[in-house]
Amino acid sequence: MTRTTLRTHRCGALRAADVGQRVRLGGWVHRRRDLGGIVFLDLRDRDGLVQVAVGPGWASPDLVFRAQTVGTEAVVVVEGEVVARPPAMRNSELATGDVEVHATAFQVVGPAETPAIPVARGKGDELPAEELRLKHRHLDLRRPELQANLIMRHRLAQRARRVLSELDFLEIETPILTKPTPEGARDYLVPSRVHPGEFYALPQSPQIYKQLLMVAGFDRYFQLSRCFRDEDLRYDRQPEFTQIDIEASFVTQDDVLAIVEAVLVALWDEAGHRIERPFTRLSWRDAMERYGTDKPDLRYDFEIKDFSRWAKTDGKIVGEAVRQKLEGKDARLRGIVVPGGAAFSRKDIDRLSQEVKQVGGWGPAWVKRQGEQVSGSIAKDADVETLGALGVRDGDLALLTVGADQVTSPALDKVRREVIRRLAPAPKAAHALCWVVDFPLFEPDPETGKPVFAHHPFTSPHPDDMDKLDSDPFACRALHYDAVYNGNELGSGSIRITDPAIQRTVFRHLGLSPAEVDARFGFLLTALAAGAPPHGGFAIGFDRTAMLLVGAGSMRDVIAFPKTTAARALFEGAPAPARPEDLAALHIKVVPPHE
RNA sequence: GGGGCUGUAGCUCAGCUGGUUAGAGUGCCGGUCUGUCACACCGGAGGUCGCGGGUUCGAGCCCCGUCAGCCCCGCCA
């Protein structure tokens with residue numbers, strides 16, 4: 001199916017079975033080896049490389065000359081015969097290495113200037129600086145690694161579409177020009193020309209639209225939806241990204257989890273990995289207690305333990321300073337026992353301290369047990385027997401911190417991750433997928449302490465906690481769930497509120513007046529009142545999933561044209577100042593920043 | 001918004017305690033070469049040391065500012 005008027009095969013597709021065929025190939029000159037009388041060209045396309053030999057036995061002197069002078073990265077069309085290479089000249093590192101093409105016609109159809117960054121790389125050569133790779137993206141994208149990434153991304157997208165279609169989901173598009181939603185991330189705004197002073201927003205997600213589709217009776221919807229959030233970026237966060245967005249009606253949480261599991265199993269299978277269903281389930285509270293994070297990496301142990309009891313009753317293990325801290329409200333002494341951790345150097349432990357301090361934690365206090373010897377920052381308060389009772393064996397290290405869970409959990413999460421990084425133990429499994437469920441509905445605002453929504457305001461409270469909505473909001477759980485893979489959040493979802501009265505109550509908790517609610521979300525409330533089926537859904541972060549499945553170091557390596565961490569597009573130079581006449585037509589006046 | 005790292009030839013990098021004419025590999029250009037596959041060998045060209053200012057007899061190197069890229073914190077309902 002790759003045959004066209006101008007070519008018969010892809011370069012990288014030729015095999016021993018093609019020997020004897022006359023072929024016409026189109027591709028890029030990857031490398032040239034000019035031996036004087038004979039010239040070898042590696043010709044590249046998206047399928048791979050094939051060696052083209054241009055020698056006097058079959059090619060005219062003029063043809064040889066053209067092969068000698070063609071530049072790397074030029075596009076050429078070559079005609080010739082596929083020939084088996086003599087056994088000694090086969091190249092086992094090349095998929096096409098058993099054959100070569102003896103060129104009898106040779107045309108440079110796309111001459112190329114010397115490339116600004118190299119496409120072909122020798123073994124051990126470093127990549128060009130990422131700034132240059134992004135600036136010359138058309139060249140960087142020629143690299144076989146990036147081509148493989150984008151090819152895999154395509155396969156994952158198609159597989160997701162196939163699985164969901166087979167499960168009777170309908171792919172439906174939702175608007176890109178939508179309404180600003182003042183909660184959550186910052187919106188990208190688009191000025192309206194015909195309505196001076198009014199703006200569309202690009203969607204942060206199609207959340208409300210997919211709920212409207214449920215109300216409309218479409219029952220099962222999905223979309224590979226583009227989403228936009230104007231927030232600061234990371235290696236795994238781009239301002240525009242793609243979600244596998246899913247919503248279904250007449251479902252419970254278990255139904256949604258089963259659907260998402262089916263999709264994820266298929267995606268991992270597409271990438272050549274077998275994963276087991278059902279995934280482990282973990283309550284949010286358990287995850288925070290045992291791993292200090294809502295996205296635990298379950299490939300490893302090193303669970304967090306509560307040592308408060310020991311500090312309080314026994315008086316050993318820790319000194320007076322810690323005991324005083326334990327008097328504080330909600331304070332606990334928690335820590336991690338690291339089997340074999342006694343081998344950690346002072347430098348290793350300093351590094352752990354830095355991690356803890358970065359998140360505002362205390363310590364950690366540490367103690368090593370080596371034979372009868374006990375050493376460390378709290379060695380004078382601990383002895384071999386007590387440590388033994390705590391599960392600290394010979395050769396182990398215990399790391400402890402004290403404080404409220406909001407501080408100790410992230411601190412111990414950092415410690416645990418750093419310990420795993422440092423020890424690099426063999427993982428229990430290569431692919432640890434799990435569900436984190438029963439998230440809290442509210443979390444305290446870091447400044448005011450008042451309840452704010454932990455997720456989006458359409459998430460249904462847990463039916464068992466409905467009565468706590470007013471009396472004890474922080475104890476109220478949500479029907480919200482995250483999918484976590486090896487310590488990475490793949491996506492999240494929830495069962496939605498379908499009762500307009502509950503939805504209004506929830507908005508009231510957000511501090512929105514009825515008037516504001518009507519202005520912002522009136523159309524949703526109207527829809528819910530028009531006969532809404534119970535529904536819920538999920539969104540899988542597609543770029544991040546692709547990144548993890550191809551083993552890329554950054555999301556930029558699975559996106560054809562990504563932005564920099566400053567949200568710039570270096571290739572085309574976006575964003576850019578608008579022309580004054582364009583601004584005038586949009587009724588916009590630019591106010592330069594002060595200072 | 002805050003912090004860290006990086007910026008020297010087209011590309012990847014070295015450049016000592018501040019010292020005289022800034023180097024290497026690769027790519028590029030020219031030459032030799034009929035079995036290479038990172039071809040080999042010979043020769044050559046190629047520099048706004050990110051940008052601006054300062055200190056100094058003298059700055060690639062020290063100081064201040066600034067720009068860009070990357071990483072982290074905040075942020076990402």
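We name chains A, B, ... by the order of the sequence lines, and we start the count at 1 in each one.
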K.L.:
Verify salt bridge (charged side-chain N to carboxylate O under 4.0 Å, His left out) between Lys563(A) and Glu240(A), making sure each step is shown before the conclusion.
P.N.:
CA-CA 9 Å; Lys563(A) 302 286 190 284; Glu240(A) 49 184 321; 2.8 Å; yes
K.L.:
Expressed as a whole number of Å, how far does the P atom of C67(B) sit from that of U21(B)?
P.N.:
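So the two P atoms sit 34 Å from each other.
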K.L.:
Using a 4.0 Å heavy-atom cut-off across all strands, classify Tyr235(A) as base, sugar-phosphate, or nothing.
P.N.:
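Sugar-phosphate contact only.
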K.L.:
Using atom CZ of Arg237(A) as one end and atom P of G74(B) as the other, report the distance to the nearest whole Å.
P.N.:
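Atom CZ in Arg237(A) sits about 9 Å away from atom P in G74(B).
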K.L.:
Is any N or O donor-acceptor pair between the side chain of Arg229(A) and the base of C76(B) shorter than 3.5 Å?
P.N.:
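For Arg229(A), whose side chain was compared with the base of C76(B), there is no donor-acceptor pair (under 3.5 Å).
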K.L.:
Are the charged groups of Asp140(A) and Arg137(A) less than 4.0 angstrom apart, N to O?
P.N.:
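Judged by the 4.0 Å cut-off on N to carboxylate O distance, Asp140(A) and Arg137(A) do form a salt bridge.
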K.L.:
Find which nucleotide of RNA chain B each of Glu126(A) and Thr565(A) is nearest to by heavy atoms, and output the residue with the more 5' nucleotide.
P.N.:
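Whichever sits nearer the 5' end wins; that is Glu126(A).
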K.L.:
Any donor-acceptor pair under 3.5 Å linking the side-chain atoms of Arg496(A) with those of Thr498(A)?
P.N.:
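No donor-acceptor contact under 3.5 Å links the two side chains.
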K.L.:
Salt-bridge test for Arg520(A) and Glu516(A): reply yes if a basic N is under 4.0 Å from a carboxylate O, no otherwise.
P.N.:
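A salt bridge links Arg520(A) with Glu516(A).
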K.L.:
Salt bridge check, Glu73(A) against Arg142(A): does any charged N sit closer than 4.0 Å to a carboxylate O?
P.N.:
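Yes, charged N to carboxylate O under 4.0 Å.
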K.L.:
For nucleotides A59(B) and C49(B), find the distance between their P atoms and express it as a whole number of Å.
P.N.:
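Nearest-Å result for A59(B) against C49(B) at atom P: 13 Å.
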K.L.:
With a 3.5 Å limit on both atom pairs, tell me what U12(B) is paired to, counting Watson-Crick and G-U wobble, or say none.
P.N.:
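With both distances under 3.5 Å, U12(B) matches A24(B).
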K.L.:
What's the gap between C62(B) and G4(B) when it is taken at their P atoms, as a whole Å value?
P.N.:
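My reading of the P atoms in C62(B) and G4(B) gives 16 Å.
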K.L.:
When the P atoms of C72(B) and U55(B) are compared, how many Å lie between them, rounded to an integer?
P.N.:
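Here U55(B) and C72(B) have their P atoms 39 Å from each other.
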K.L.:
Report the base-pairing partner of C41(B) (Watson-Crick or G-U wobble, both distances below 3.5 angstrom), or none.
P.N.:
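Its partner is G31(B) (Watson-Crick or G-U wobble, both distances under 3.5 Å).
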K.L.:
Whole Å only: how far is the CZ atom of Arg568(A) from the P atom of C70(B)?
P.N.:
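Atom-to-atom, Arg568(A) to C70(B), this comes out as 12 Å.
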K.L.:
Roughly, in whole Å, what's the span from CZ in Arg186(A) to P in G74(B)?
P.N.:
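In whole Å, G74(B) P and Arg186(A) CZ are 14 Å from each other.
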K.L.:
Could you state the atom-to-atom distance from CZ of Arg417(A) to P of C72(B) in whole Å?
P.N.:
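Rounded to whole Å, this separation is 10 Å.
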K.L.:
Taking atom P in both C76(B) and G19(B), what distance in whole Å separates the two?
P.N.:
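Pairwise P distance, C76(B) against G19(B), rounds to 50 Å.
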K.L.:
Each nucleotide in nucleotides 22-36 of chain B should get exactly one letter: B, S or -. Can you fill that in based on protein heavy atoms under 4.0 Å?
P.N.:
------S----BBBB
K.L.:
Could you check which nucleotide pairs with G7(B) in any of the strands shown, counting Watson-Crick or G-U wobble with both distances under 3.5 Å?
P.N.:
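Here G7(B) is engaged in a pair, and the nucleotide opposite it is C67(B).
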K.L.:
Have a look at Arg556(A) and say if it touches a base, only the backbone sugar-phosphate, or nothing, with a 4.0 Å heavy-atom cut-off.
P.N.:
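It contacts sugar-phosphate atoms only.
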K.L.:
In whole angstrom, give me the gap between the P atoms of C63(B) and U6(B).
P.N.:
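That atom pair is separated by 12 Å.
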K.L.:
Please give the nucleotide sitting opposite U55(B) as a Watson-Crick or G-U wobble pair, both distances under 3.5 Å, or none.
P.N.:
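With both distances under 3.5 Å required, U55(B) matches none.
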K.L.:
State whether a side-chain donor-acceptor pair under 3.5 Å links Ser205(A) with Gln243(A).
P.N.:
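No, Gln243(A) and Ser205(A) have no side-chain donor paired with an acceptor closer than 3.5 Å.
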K.L.:
Taking the P atom of each, how far is C5(B) from G65(B), in whole Å?
P.N.:
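Straight-line distance between the two P atoms is 14 Å.
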K.L.:
Using the C1' atom in both, what is the distance from G23(B) to C61(B), to the nearest Å?
P.N.:
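My reading of the C1' atoms in G23(B) and C61(B) gives 16 Å.
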K.L.:
Less than 3.5 Å apart, any donor N or O on the side chain of Asp297(A) or Tyr291(A) sitting next to an acceptor on the other?
P.N.:
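No pair is found: no donor N or O on one side chain lies under 3.5 Å from an acceptor on the other.
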K.L.:
Tell whether Asp232(A) reaches the base of C76(B) with its side chain through a donor-acceptor pair below 3.5 angstrom.
P.N.:
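Check fails, no donor-acceptor contact within cut-off.
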K.L.:
With a 4.0 Å cut-off, would you call Asp42(A) and Arg33(A) a salt bridge?
P.N.:
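A salt bridge links Asp42(A) with Arg33(A).
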K.L.:
By the 4.0 Å heavy-atom rule, please label Thr459(A) as base, sugar-phosphate, or nothing.
P.N.:
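Contact class for Thr459(A): none.
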K.L.:
Within less than 4.0 Å of OP1 or OP2 of C39(B), is there a side-chain N or O belonging to Arg31(A)?
P.N.:
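For C39(B), OP1 or OP2 has a side-chain N or O of Arg31(A) closer than 4.0 Å.
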K.L.:
State the pairing partner of G18(B); accept Watson-Crick or G-U wobble contacts with both distances under 3.5 Å, and report none otherwise.
P.N.:
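Result: none.
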K.L.:
Start at the 5' end of RNA chain B and walk down; is the nucleotide closest to Leu570(A) or to Leu94(A) reached first?
P.N.:
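Comparing both residues, the 5'-ward one is Leu94(A).
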K.L.:
When the distance from CG of Leu233(A) to C1' of G69(B) is rounded to whole Å, what number comes out?
P.N.:
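Going from CG in Leu233(A) over to C1' in G69(B) covers 13 Å.
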K.L.:
May I ask you to check whether over 12 heavy atoms, not counting those of Glu572(A), lie within 6.0 Å of atom CD?
P.N.:
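More than 12 heavy atoms, drawn from other residues, nucleotides or ligands, come within 6.0 Å of this atom.
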K.L.:
Whole Å only: how far is the CG atom of Asn91(A) from the P atom of C39(B)?
P.N.:
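In whole Å, C39(B) P lies 11 Å from Asn91(A) CG.
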K.L.:
Just call it for Arg234(A): base, sugar-phosphate, or nothing, with non-hydrogen atoms closer than 4.0 Å on any strand.
P.N.:
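Base, at least one base atom sits under 4.0 Å.
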K.L.:
Roughly how many Å is it from NZ in Lys135(A) to C1' in G7(B), rounded to a whole number?
P.N.:
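So the two atoms are 13 Å apart, to the nearest Å.
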K.L.:
Starting at atom CZ of Arg544(A), determine the distance to atom P of C76(B), rounded to an integer number of angstrom.
P.N.:
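Atom-to-atom, Arg544(A) to C76(B), this comes out as 14 Å.
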